[in-house]
Amino acid sequence: MYEFPPVDNLKDQILGALRRVRHSLAAAMEKAELWDVNGNTLTLTFRTAFEISFLEKERHEIEKIILESLNYTLQLKTQLKKHEEESVHNEVEEQVELVRSVFRGTIMKRSQS
């Protein structure tokens, strides 16, 4: 197993290598919100599926460029960031409950027309 540099340094090295060969790959990887290295696996977390789709198609090319330019054998993995909808929904429910309790009211379901 390799001893990789800290994630920020690794990120700079990989993006630099990709920019020299295929700038579009570097641009897509820059949009990752989180870079995580576990063993020989580099996991990139994205907010949208667009970059994931593009990078998954080019995954082998990216791994090849990293190996040839930096002599690192890394397996690239992408994942979608979990939506924060649940926490937003819970927060809205808490706010509704607060208003209901302050005004001592009742929550009525909206009728569908």
Side-chain angles (χ1 to χ4, degrees):
M1 187 176 301
Y2 294 99
E3 183 66 30
F4 294 107
V7 174
D8 288 339
N9 294 351
L10 182 64
K11 178 180 177 179
D12 290 342
Q13 290 176 8
I14 290 172
L15 292 176
L18 290 172
R19 278 188 197 102
R20 287 189 290 276
V21 180
R22 299 229 358 235
H23 196 272
S24 61
L25 295 177
M29 287 182 72
E30 281 181 311
K31 293 183 180 177
E33 290 192 0
L34 179 65
W35 288 55
D36 182 52
V37 177
N38 188 359
N40 287 349
T41 303
L42 170 62
T43 304
L44 302 178
T45 304
F46 293 90
R47 188 175 290 233
T48 66
F50 179 76
E51 288 83 12
I52 291 174
S53 175
F54 176 66
L55 292 174
E56 281 299 319
K57 291 176 188 171
E58 302 290 340
R59 184 171 50 86
H60 294 294
E61 180 68 16
I62 294 167
E63 292 170 352
K64 180 182 168 196
I65 293 169
I66 292 170
L67 178 61
E68 291 174 354
S69 300
L70 304 172
N71 202 30
Y72 295 149
T73 302
L74 278 173
Q75 178 185 4
L76 181 65
K77 181 180 167 190
T78 57
Q79 65 184 15
L80 190 61
K81 181 177 181 181
K82 293 180 181 151
H83 292 286
E84 298 172 4
E85 289 177 20
E86 287 182 22
S87 64
V88 169
H89 179 70
N90 291 340
E91 185 178 322
V92 168
E93 285 182 2
E94 290 172 9
Q95 291 173 353
V96 168
E97 181 59 29
L98 177 65
V99 170
R100 186 202 63 76
S101 67
V102 167
F103 292 104
R104 297 186 182 133
T106 303
I107 299 173
M108 311 252 329
K109 299 278 183 195
R110 205 187 272 182
S111 63
Q112 299 282 335
S113 301

Q.
Once rounded to the nearest 0.5 Å, what's the spacing between atom CG of Leu34 and atom OG1 of Thr43?
A. 8.5 Å
Q. What is the distance from atom CG of Leu42 to atom CG of Leu10, rounded to the nearest 0.5 Å?
A. 6.5 Å
Q) Who passes side-chain contact (heavy atoms from CB on, under 4.5 Å) against Glu61, sequence neighbours left out? A) Arg22, Leu25, Glu58, Lys64, Ile65
Q. Partners of Gln13 by side-chain hydrogen bond (donor to acceptor under 3.5 Å, both in side chains), sequence neighbours excluded?
A. Tyr72
Q) Who pairs with Lys77 by salt bridge (charged side-chain N to carboxylate O under 4.0 Å, His left out), at least two apart in sequence or on another chain? A) none
Q: Kindly indicate whether the side chain of Ile14, heavy atoms from C-beta on, has any atom under 4.5 Å from the side chain of Leu74.
A: yes
Q: Working to the nearest 0.5 Å, report the span between CG of Leu18 and OG of Ser24.
A: 9.0 Å
(Q) Going by side-chain contact (heavy atoms from CB on, under 4.5 Å), name the residues that satisfy it together with Glu63, two or more places apart in sequence or in a different chain. (A) Arg59, His60, Gln75, Leu76
Q: Would you please name every residue forming a side-chain hydrogen bond (donor to acceptor under 3.5 Å, both in side chains) with Thr45, sequence neighbours left out?
A: Gln79
Q | Verdict with reasoning, Ser53 to Glu56, per side-chain hydrogen bond (donor to acceptor under 3.5 Å, both in side chains) | A | CA-CA 5 Å; Ser53 175; Glu56 281 299 319; over 6 Å; no
Q | Heavy atoms from other residues, nucleotides or ligands near CG of Asn9 exceed 12 (cutoff 6.0 Å) | A | yes
Q) Of all residues at least two apart in sequence or in a different chain, which pass the side-chain contact (heavy atoms from CB on, under 4.5 Å) check with Asp8? A) none
Q) Going by heavy atoms in the side chains, are Val37 and Thr41 under 4.5 Å from each other? A) no
Q) Under a single-linkage definition using a 4.5 Å side-chain heavy-atom cutoff for Ile, Leu, Val, Met, Phe, Trp and Tyr, are Phe54 and Val21 assigned to the same hydrophobic cluster? A) yes
Q: Group every Ile, Leu, Val, Met, Phe, Trp and Tyr by side-chain heavy-atom contacts under 4.5 Å, then state whether Ile52 and Phe50 land in the same group.
A: no
(Q) Is any side-chain heavy atom of Ile62 closer than 4.5 Å to one of Met29? (A) yes
Q: Flag yes if Leu80 and Leu55 sit in one hydrophobic cluster, no otherwise; membership is Ile, Leu, Val, Met, Phe, Trp, Tyr, and two members link when side-chain heavy atoms are under 4.5 Å apart.
A: yes
Q. So do Phe4 and Asn40 actually touch side chain to side chain, heavy atoms under 4.5 Å?
A. yes
Q: Run the numbers on Trp35 and Leu44 for side chain to side chain contact (heavy atoms under 4.5 Å, CB included), then give the verdict.
A: CA-CA 5 Å; Trp35 288 55; Leu44 302 178; 3.3 Å; yes
**Q.** Residues that Arg19 engages under side-chain contact (heavy atoms from CB on, under 4.5 Å), provided they are two or more places apart
**A.** Leu15, His23, Ala26, Glu30
